[in-house]
Amino acid sequence: MKIAIRDDDTCYFTAPSELERVYADVWDRVPVCLATVPFAVGYPRAGIPESEWHSGRRFPLEQNAALVAWLRQRIAEKRVTIALHGYTHEDYPDGFEFQAAPDLEQRVAEGRAYLERVLNTTIRVFVPPHNALSKRGLDAVSRAGLNVLGSFLSFRPSNRTWDGRTFSNWRRIQQFRRATARTRSDRLVYPHPLRYVRHAEFGCHGLIPTTTVEELAAGLDEARRFGGDFCLATHYWEVDDRLKSVLRRFLEYASSIAGVRFVTAEELFAADDPRSTRATG
Ligand SMILES: [Zn+2]
């Protein structure tokens, strides 16, 4: 069983010390996928100066030279990998960035090329800001051939452009719902990558202020019961002492399970693992 960690919102406003605080005792054992914003626009949240909450200014990642040097070092050490997390991560009156922004294909192409150049790495995964992706947003990401790491993305065929795998993937989800006695409105995290023609999608379990270690352990147990894998998703700026303790206890629990391997988020999509294509249940 593969287990990975994803952390969102690394951007110009991030100090290396904030990431060190959460992950210095984690990434030697578990590499962390930092979902990174290439040209962040400020918005109201902890860690972004209030003067930038509504300024609309774009801050290229490389203007934070200390962060860029630090990230390059951590990438070289294989402690972190980088995913593309939107382009500006800005919200629009009628939706989040990858629901409402114009020029989504350009944002994917430019954002990816920018991060690859500035951080001297390869980007293979896209994490939608706020986990929100319209049909148009998904098309843009899929055309770029990037895999999607999300949470609670819609599986409904009406919310996506159909390809040769859409229907069979939708049926796999229905089978999983039945096998886990969920109704149509119950949320689920499907524990295998769903492979479409140009990209694959994998859902994450959130670590947010209300999450308990029992919930995460139950999610891990369910994924294991179905021969699947597990990805934990959080935001470093939200991880206080309590959440850090939940993270630590979850990793202890996961480590105690025979056959668990901690991997990069990118490896969740690897096709060479026979378990990743096994049918559900
Ligand atoms: Zn985000």
Side-chain angles (χ1 to χ4, degrees), residues 1-4 6 33 35 81 83-86 96-99 104-105 107-109 111-112 122-206 219 222-233 263-281:
M1 179 179 201
K2 295 186 278 193
I3 297 185
R6 149 193 154 203
C33 176
T81 61
L84 179 62
H85 189 40
F96 297 123
E97 185 184 12
F98 268 72
Q99 297 173 308
L104 289 174
E105 288 197 25
R107 284 173 187 244
V108 172
R112 176 192 204 169
T122 305
I123 306 284
R124 302 201 303 269
V125 170
F126 182 86
V127 174
H130 304 278
N131 294 299
L133 208 48
S134 66
K135 191 173 187 173
R136 198 165 55 85
L138 180 56
D139 283 346
V141 175
S142 179
R143 268 187 220 119
L146 292 173
N147 293 318
V148 178
L149 205 50
S151 309
F152 306 119
L153 295 172
S154 174
F155 305 108
R156 281 170 54 197
S158 60
N159 288 348
R160 47 176 71 243
T161 300
W162 275 56
D163 70 25
R165 310 248 176 95
T166 307
F167 184 67
S168 59
N169 283 338
W170 180 78
R171 278 188 42 185
R172 292 174 78 187
I173 296 296
Q174 303 314 309
Q175 284 165 7
F176 185 73
R177 273 195 199 287
R178 277 197 296 275
T180 57
R182 282 180 168 88
T183 68
R184 273 178 59 168
S185 57
D186 288 334
R187 288 190 146 189
L188 65 84
V189 182
Y190 187 65
H192 305 269
L194 286 169
R195 298 184 190 284
Y196 293 87
V197 169
R198 299 204 56 165
H199 75 282
E201 299 172 21
F202 191 87
C204 303
H205 295 254
E222 180 177 272
R224 190 159 61 109
R225 204 160 64 241
F226 286 86
D229 301 315
F230 187 99
C231 187
L232 186 69
V263 301
T264 64
E266 288 76 7
E267 284 175 76
L268 294 169
F269 297 100
D272 55 358
D273 187 335
R275 286 171 303 180
S276 64
T277 53
R278 185 191 293 176
T280 57

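Keep in mind it's a predicted model, so treat the numbers as computed, not measured. Counting from 1, the numbers follow the sequence of the chain as shown.
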- Begin from the C-alpha positions of R6 and L232 and carry the test side chain to side chain contact (heavy atoms under 4.5 Å, CB included) through to its verdict. CA-CA 6 Å; R6 149 193 154 203; L232 186 69; over 6 Å; no
- Item | Donor-acceptor contact below 3.5 Å, side chain D163 vs main chain V197 | yes
- Those residues at least two apart in sequence (or on a different chain) that pass side-chain contact (heavy atoms from CB on, under 4.5 Å) with S185 are T183
- Considering all heavy atoms of both residues, which atom of A83 and which atom of V127 are nearest to each other, and what is their separation? CB-CG2, 4.1 Å
- L188 versus T180: any side-chain heavy-atom pair under 4.5 Å? no
- Item | For the student: nearest non-hydrogen atoms of L84 and G111, plus distance | CD1-C, 3.7 Å
- Task: Applying side-chain contact (heavy atoms from CB on, under 4.5 Å), name anything that partners T161, two or more places apart in sequence or on another chain.
- Result: K135, D139
- Donor-acceptor contact present, side-chain R172 to main-chain L194, <3.5 Å: no
- Task: Might you point out which heavy atoms bring P128 and H85 nearest each other, and give the distance in Å?
- Result: O-CE1, 3.6 Å
- R195 side-chain N/O to F269 backbone N/O, donor-acceptor pair under 3.5 Å: yes
- Message: Looking at every non-hydrogen atom in both residues, tell me the closest pair between P129 and E97 and how far apart they are.
- Response: CG-OE1, 3.8 Å
- Which residues share a side-chain contact (heavy atoms from CB on, under 4.5 Å) with R171, sequence neighbours left out: F167, Q175
- Query: What is the minimum heavy-atom distance between G219 and H205, and which atoms define it?
  - Reply: CA-CE1, 3.8 Å
- The salt bridge (charged side-chain N to carboxylate O under 4.0 Å, His left out) partners of R182 (sequence neighbours excluded) come to E222
- Inter-residue atom distance R112.CZ - F126.CZ, 0.5 Å rounding: 11.5 Å
- Message: Could you work out, with salt bridge (charged side-chain N to carboxylate O under 4.0 Å, His left out) as the rule, every residue matching R124, not counting sequence neighbours?
- Response: none
- Query: Looking at residues at least two apart in the chain, or sitting in another chain, which of them share a side chain to side chain donor-acceptor pair (under 3.5 Å) with Q99?
  - Reply: none
- Message: Run the side-chain contact (heavy atoms from CB on, under 4.5 Å) test against S142 and tell me which residues pass, sequence neighbours left out.
- Response: R198, H199
- Query: Where is the tightest heavy-atom contact between F98 and A132, given as atom of each residue plus distance?
  - Reply: CB-O, 3.8 Å
- Message: Please enumerate all residues that pass ring-ring contact (aromatic ring centres under 6.0 Å, His included) together with F202, with sequence neighbours excluded.
- Response: none
- After noting the C-alpha distance and the side-chain angles of L149 and L268, does the key distance pass the side chain to side chain contact (heavy atoms under 4.5 Å, CB included) rule? CA-CA 9 Å; L149 205 50; L268 294 169; 4.2 Å; yes
- Message: Holding to salt bridge (charged side-chain N to carboxylate O under 4.0 Å, His left out), I want the full list of residues that pass it with E267, two or more places apart in sequence or in another chain.
- Response: none
- Item | Any side-chain heavy-atom pair of T81 and V125 under 4.5 Å | no
- Side-chain touch Y196/R160, heavy atoms, less than 4.5 angstrom: yes
- Message: Could you walk me through whether E201 and Y190 satisfy the side chain to side chain contact (heavy atoms under 4.5 Å, CB included) test, starting with their C-alpha distance in whole Å, then the side-chain angles of each, then the deciding distance to 0.1 Å, before giving a yes or no?
- Response: CA-CA 10 Å; E201 299 172 21; Y190 187 65; over 6 Å; no
- Message: Tell me whether R224 contacts the main-chain N or O of F230 through its side chain, where contact means a donor paired with an acceptor under 3.5 Å.
- Response: no
